[in-house]
Amino acid sequence: QVSFMSNQKQQKPTLTGQRFKTRKRDEKERFDPTQFQESIVQGLNQTGTDLEAVAKFLDSSGAKLDYRRYAETLFDILVAGGMLAPGGALSDDMTRTNFCLFTAPEDVKTMKAYAQVFNKLIRRYKYLEKGFEEEIKKLLLFLKGFSESERNKLAMLTGILLANGSLSASILSSLFNDNLVKDGVSPAFAVKLFKMWINEKDINSVAASLRKVGMDSRLMELFPVNKRSYDHFSKYFIDAGLKELSDFARNQQSLGARKELQKELQEQMSQGVSFKEIIVYGKEEMKKSGISEQMVICIMWTSIMGSVEWNKKEELVTEQAIKHLKQHSPLLKAFTTQGLSELTLLLRVQEYCYDNIHFMKAFQKIVLLLYKVDVLSEEAVLKWYTEAHLAKGKSVFLEQMKKFVEWLKNAEEESESEEETD
């Protein structure tokens, strides 16, 4: 027993010693990409400008070479012809190839062919995906170290890869780097990139990709702080021929302002701020953020309806809604100064009553109330009834409104005939 224990004890150190040795050997190898670099450079020199052959070479080399460990070296060579030092210069002039993205012709066809090379490589060796994204982020940080033509090619390639889903739009965060922004490198690069991306797809697809990773709200950061206004952004991209991007940014800006307005209105209502103050605030926001009255009336309706706990019983909810809306009617009245706003409100009410099943039977009573308190005019109600209503719950709501509309039409005819007899 004792000898067995001491035996175990003696063996232990040698065991860890051996394991330690192999670890050390690994460490030494890890930081020595020389051989890897030579193999890739030699292969690319042989395949030359034949990108089909390049793709095949990369496909077969993955079995022999350690792509996982030397991913950065691999991508550096494919893009710039050799390993890059911090800042973007080639770190070793001896081992380099003249067959790479940066030396290729600056045209769309060639850039698409290069995008295919990267696509095939990453599809074949899925584990390179993360490393490739890191590489692109790094290359964007090095933009000032590249020539204008090299930047253009990188922008085109990145636009194509974003369009076909090989890259996530989160890589754009590199362009918000202060040094790049300050010297105007970021927006100039973004122009080339977005042109390519929008050409390959369309602005809706671009917008969806940006939203997915929260980049949609950060595009202003392409400019220095003192130029981060929608007007400056818009002029810059419209002048560069990217009106779609300018329109997208405007929508983003007004979306942000609308969300903000709704939050603030609901807060003011819950704190019991006077209607007068709420109206002043709403009108100021309209001016400041360029939000239309139609938009504000929808937000106002949502805020009013969201500021109360509704009864679960259908027969009681109508009564509750009428009381609540009558009390808040000055807020609706203040933002229905145009016929189009009245109609917008009516459609919003229709939608609300359809989406909230308890309110289906309350629609006519709500409209009648809004008519009585002068929020809705008869023109708006008649226009809604005859042509402008939504399909949602149409038959139910038109049926509810039939008598009221007939009454309105008769009243209109009577007042017309009275005018004639005057």
Side-chain angles (χ1 to χ4, degrees), residues 33-67 70-85 88-126 128-129 131-140 142-167 171 188-189 191-193 195-197 199-201:
T34 331
Q35 224 177 337
F36 180 88
Q37 187 177 355
E38 278 167 8
S39 309
I40 296 290
V41 165
Q42 196 185 342
L44 292 177
N45 283 340
Q46 282 167 357
T47 48
T49 53
D50 179 356
L51 293 182
E52 295 263 327
V54 172
K56 281 191 184 122
F57 158 69
L58 292 171
D59 191 304
S60 59
S61 299
K64 304 189 281 281
L65 301 172
D66 195 345
Y67 280 0
Y70 300 121
E72 187 178 2
T73 309
L74 174 64
F75 292 131
D76 274 1
I77 299 169
L78 288 173
V79 171
M83 279 170 71
L84 291 169
L90 283 172
S91 61
D92 168 10
D93 261 359
M94 302 305 289
T95 320
R96 55 172 301 186
T97 176
N98 285 319
F99 300 106
C100 62
L101 179 83
F102 280 176
T103 54
E106 191 186 321
D107 61 66
V108 175
K109 193 175 167 212
T110 310
M111 292 305 110
K112 282 192 172 173
Y114 257 100
Q116 273 306 99
V117 170
F118 286 109
N119 277 338
K120 283 178 187 164
L121 177 61
I122 289 159
R123 267 210 301 271
R124 176 78 173 80
Y125 300 104
K126 202 85 177 106
L128 286 174
E129 210 167 3
F132 184 54
E133 229 153 74
E134 291 307 312
E135 175 75 12
I136 296 287
K137 277 184 183 168
K138 177 189 82 174
L139 292 171
L140 296 190
F142 290 174
L143 285 178
K144 283 168 83 170
F146 304 145
S147 71
E148 193 180 344
S149 170
E150 288 167 350
R151 285 180 209 167
N152 289 346
K153 289 175 219 175
L154 188 57
M156 288 158 84
L157 176 80
T158 309
I160 296 165
L161 292 168
L162 282 163
N164 66 30
S166 305
L167 281 177
I171 55 114
F189 186 85
V191 164
K192 288 261 189 282
L193 180 151
K195 274 194 176 162
M196 201 71 230
W197 192 358
N199 275 338
E200 288 294 291
K201 287 285 192 188

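All values derive from a computational prediction rather than experimental measurement.
Closest non-hydrogen pair, L44 versus F57, comes out as N-CE2, 4.1 Å. Residues P33 and T73 share a closest heavy-atom pair of CB-OG1, 3.7 Å. Minimum heavy-atom separation, P105 to M111: O-CE, 3.4 Å. Counting all heavy atoms, side chain and backbone alike, E133 lies closest to S166 at OE2-O, 4.2 Å. Closest of all the heavy-atom pairs between V41 and G81 is CG2-O, 4.3 Å. Taking all atoms of both residues into account, the shortest heavy-atom contact from D76 to E135 is OD1-OE2, 2.6 Å.
Expressed to the nearest 0.5 Å, how far CG of D50 lies from CZ of F99 amounts to 11.0 Å. To the nearest 0.5 Å, the span separating CG on L58 from CG on L128 amounts to 10.0 Å. Note that CE of M156 is 6.0 Å distant from CD of E106, once rounded to the nearest 0.5 Å. Rounded to the nearest 0.5 angstrom, T97 OG1 and I40 CD1 are separated by 10.5 Å.
K120 NZ: more than 12 foreign heavy atoms inside a 6.0 Å radius.
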From CA spacing to verdict: side-chain hydrogen bond (donor to acceptor under 3.5 Å, both in side chains), T110, D107
CA-CA 6 Å; T110 310; D107 61 66; 2.7 Å; yes

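Proximity of K138 to E72: side-chain heavy atoms (C-beta onward) are separated by under 4.5 Å at one or more points.
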